[in-house]
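Structure, as C-alpha cells:
Quick caveat, the model's predicted, so the values are computed rather than measured. One-based numbering, in listed order, for ligands and for the atoms of each.
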Amino acid sequence: MQGMKPNFEKVLKLKKIEEEIKRCEKCSLSKTRKLPVPGDGNVDAKVMLIGLGPGYHENLQGKPFVGKSGKFLDELLELGGVRREEVYITNVIKCYLPNNNPTQDQINLCSNYLDKQIELIKPRVILTLGNIATSYIFRKFNFKLEPMGKIHGKILQLSTLLLQAKIIPMYHPASALYDPGLKKSLRTDWESLKGVI
Ligand code: URA
C-alpha cells in the first residue's frame, strides 16, 4: 500500500459521498450536530472499521475515534499490526449521538451512506466495533447474529458477487474503557489478528 498512488476516481467518489453526508438533513441529529463525521482514511484500504457514531470529541473535530475510545483504538490497531493510515474508519451513524442509542429510524436513514462506502472501498476485512455495527452488518449480509460474548474475534467469510471480505465482530473500545476484563479480551482479540488483517 505504501508508495502506491490512490485511485483518483475512487477518491472523487468517496469525496462525493462525504459531501452528501455533510449536507444531510434526513434526521433530527443534523440539527444538534456540530460537524458531521463521514469517515476517515484510505480509499484503497483493505481494512474497514465500523463503529457506532460520533461522540463529543468527534462532533467537534469531524473525525471518527479521536476521543478516549480512539486512543484505545490506536493501541488495538498497533496490537493488530495495522496503522491508522492504512485503514478506513467510519460509523453506522454519521452525526453526534449524545446518548449512544440510535433509533431504528436513524439507523435506516443513515446506513445508506455506510452501504455506499462499503460498495466503493470494497474492503477485504470489515471489523464491526460493538453491537450496533455488528448487528447492522450481520443483518445486511445475512449472517446469524449471536451475542457479542460468543462471536467476538471470530472471522467470518463473506462471499457475494460484489464483495469478498472477512467480517470480524469486536467489542467496542468504549465498552472496555472502564472494564479490565473486557479490555483484556479486546487486546487478545486484536493481537490474534496480527498477520491475518
Ligand atoms: N465511538 C464510535 O462508535 N465512533 C466514533 O467515531 C467515536 C466513538
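- Of all atoms in ligand 1, numbered sequentially from 1 with element shown, those under 4.0 Å from a heavy atom of G51 are 3 (O).
- A donor-acceptor pair shorter than 3.5 Å can be found between the side chains of D115 and Y136.
- Using bins of under 30°, 30° to 60° and over 60° for the plane-to-plane angle, the ring pair F143/F138 lands in the tilted bin.
- The shortest N or O to N or O distance between H172 and ligand 1 is below 3.5 Å.
- Contacts with ligand 1 closer than 4.0 Å are made by heavy atoms of both the backbone and the side chain of P64.
- Remark: the backbone N or O of G51 is not paired with any side-chain donor or acceptor of T90 at under 3.5 angstrom.
- Considering backbone and side-chain atoms together, G53 places an N or O closer than 3.5 Å to an N or O of ligand 1.
- For atom 4 (N) of ligand 1, the nearest non-hydrogen atom of the protein is N91 OD1, 2.8 Å.
- Ligand 1 has no nitrogen or oxygen under 3.5 angstrom from a nitrogen or oxygen of S69.
- With F65 as the aromatic partner, K71 does not meet the cation-pi criteria of under 6.0 angstrom to the ring centre and within 45 degrees of the ring axis.
- For I118 against M48, the heavy-atom pair with the smallest separation is CG1-SD, 3.8 Å.
- Listed by atom number, the atoms of ligand 1 under 4.0 Å from L52 heavy atoms are 2 (C), 3 (O).
- Remark: K94 fails to qualify as a cation-pi partner of Y113 under the 6.0 Å distance and 45° angle criteria applied to the six-membered ring.
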